[in-house]
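See structure below.
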Amino acid sequence: MAGLETTGSNPDVGLLYDINGLTATAPDWVDRVVTVAGEHGLILALVLLTVWTWWRVRRTDCREEAAGAVAAVVWAPLAAGIALLVNIPIRGFVGRPSPAEQHRGIEELVAVRGDFSFVSDHATLAMALAVGLFIAHRRAGLAGIALAVLLGFSRVYLGVHYPTDVIGGLALGTAVALLLSPLASALLTPLTKLIARSAKVGRLVWSPKGTRGEAGSVEEEREQEQEQGRERQEDGVRQESGAVGVSRRRDRDLAA
C-alpha cells in the first residue's frame, strides 16, 4: 500500500522539519541527551516507574484492593507487548518509509534499521505502559504519560519518525491498554488474590502498612482466618449439642 502523505505542503512534514531542525542550533550535548533518552533512557524510566508503582500499590491494609491494583500493574507491560504485536501488521499495511528516505535535510541522529515508520514502536510501547500504570495508580500513570509524550517528541527530534507516527503510536498504546483492561482484570485479579493469600509469596501482592512486620503479616492473616473458622465450627458444635439436650429433655418429659 502507498505510504501516508509526504509532500512538503503537509503540516505533518512541516512540523517534522521544525522539530528536527532544532538539531542545527542545539549544542552537541543536547543531541546526545535526547539520543540516549529517545533510544533507551525514557523506556528505562518507565520500567523503573512500573517497579515503583508495584511496590507502592501493594502496601495497603486492604488485601482485595492490593490484589486489584497489582493486577493492573501486571497488565501494564502485558498491554505494551500486545500493542507492539498489533502494530506489526499496521506497519506493513501502511508501508510508510522513514522521513530521511523521503525528504532532504532531515538529520538522523540514530541509525534506522530500514523498518517502516508508521506507527512508532517506541511511542506505542511507552503509552501502553503509561496508561496501564494510570489504571493502577493515577499519579504514577500521569508521570508515565508525560514520559511517553517526551519520548514521542524525542523520536521526531531524532529524525526517525513523523509527528503522525508518534501520535498514532500514542493512540494505539492507549486503545490497547484501555479496551483490553476489563478482560485483563478479570483474568489477572483472581491470580493476584490467590498469590496474596500465600504465606511464602504473598508479599509480592500484599504488604500491609501497619506496624506489624511484613514477613509475618500474611501468615498472621491466615492464622486469624483459621482461628475464626475454628470458632465458627465450635459454635456449630455447641448449638448442635444444645439442640440434642433439649430434644432429650423433651423425650423424658413425654415418657413421664
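Because the structure is predicted, anything quoted here is derived from the model rather than measured.
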TODO: Let me know which of T35, D31, T23 forms a side chain to side chain donor-acceptor pair (under 3.5 Å) with Y157.
DONE: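 For Y157, the side chain to side chain donor-acceptor pair (under 3.5 Å) check succeeds only for D31.
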Task: Donor-acceptor contact below 3.5 Å, side chain R91 vs main chain V119 - done: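 A pair under 3.5 Å: yes.
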Open item on the list: Strictly distance-based, threshold 3.5 Å: is any side-chain N or O of H161 a donor or acceptor partner for the main-chain N or O of F118?
Closed with: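 Not at all, since once roles are kept as given, no pair shorter than 3.5 Å links the two residues.
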- [ ] Kindly compute the distance separating CD1 (I167) from CG (L172), expressed to the nearest 0.5 Å.
- [x]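 I167 CD1 to L172 CG: 13.5 Å, rounded to 0.5 Å.
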Open item on the list: I need the I19 CD1 to F153 CZ distance, nearest 0.5 Å.
Closed with: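 If I round to the nearest 0.5 Å, the distance is 5.0 Å.
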Residues that [X] engages under side-chain hydrogen bond (donor to acceptor under 3.5 Å, both in side chains), provided they are two or more places apart:
{"X": "D18", "answer": "none"}
{"X": "N87", "answer": "D121"}
{"X": "E64", "answer": "K193"}
{"X": "T50", "answer": "none"}

Going by the rule side-chain contact (heavy atoms from CB on, under 4.5 Å), which residues pair with [X] if we only count those two or more places apart in sequence or in a different chain?
{"X": "A123", "value": "S120, V166, L170"}
{"X": "A184", "value": "W75, L188"}
{"X": "V36", "value": "none"}
{"X": "L191", "value": "I195"}

Task: R203 charged N/C atom sitting above W206 aromatic ring, 6.0 Å / 45° - done: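 Because its charged atom misses either the 6.0 Å distance or the 45° angle limit, R203 does not stack over W206.
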Do [X] and [Y] sit in one hydrophobic cluster, given that two such residues count as connected whenever their side-chain heavy atoms are within less than 4.5 Å of each other, even indirectly?
{"X": "L109", "Y": "W29", "value": "yes"}
{"X": "V176", "Y": "V94", "value": "yes"}
{"X": "L129", "Y": "V131", "value": "no"}
{"X": "L15", "Y": "I106", "value": "yes"}
{"X": "V110", "Y": "L42", "value": "no"}

TODO: Could you identify which residues cluster with I88, counting Ile, Leu, Val, Met, Phe, Trp and Tyr as linked when any side-chain heavy atoms lie under 4.5 Å apart, either directly or through a chain of such contacts?
DONE: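 Taking Ile, Leu, Val, Met, Phe, Trp and Tyr as members, I88 shares its hydrophobic cluster with L85.
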Open item on the list: Running the 4.5 Å side-chain criterion over Ile, Leu, Val, Met, Phe, Trp and Tyr, what cluster does L187 land in, apart from itself?
Closed with: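 Besides L187, the hydrophobic cluster comprises L183, listed by chain and residue number.
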Considering non-hydrogen atoms only, spot the tightest contact between [X] and [Y] and give its length.
{"X": "P99", "Y": "Y162", "result": "CA-OH, 3.7 Å"}
{"X": "L151", "Y": "G38", "result": "CD1-O, 3.4 Å"}
{"X": "V34", "Y": "S154", "result": "CG1-CB, 3.8 Å"}
{"X": "R58", "Y": "A66", "result": "O-CB, 4.1 Å"}
{"X": "V205", "Y": "A67", "result": "CG1-CA, 3.7 Å"}
{"X": "G159", "Y": "E108", "result": "O-CG, 3.6 Å"}

Would you mind reporting whether [Y] and [X] have side-chain heavy atoms less than 4.5 Å apart?
{"X": "P163", "Y": "L16", "answer": "yes"}
{"X": "V156", "Y": "N20", "answer": "no"}
{"X": "Q102", "Y": "R96", "answer": "no"}

Indicate every side-chain donor-acceptor pair of residues 77-84 with a distance under 3.5 Å to a residue at least two apart or in another chain.
none

List the atom pairs, with distances to 0.1 Å, where a side-chain N or O of residues 133-145 and a protein N or O form a donor-acceptor pair under 3.5 Å, not counting sequence neighbours.
residue : atom : partner : partner atom : Å
H137    : ND1  : A140    : N            : 3.2
R138    : NH1  : F134    : O            : 2.6
R138    : NH1  : I135    : O            : 3.4

TODO: For the pair E39 and R155, find out whether any cationic side-chain nitrogen is under 4.0 Å from an anionic carboxylate oxygen.
DONE: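 The answer is yes: the pair qualifies as a salt bridge.
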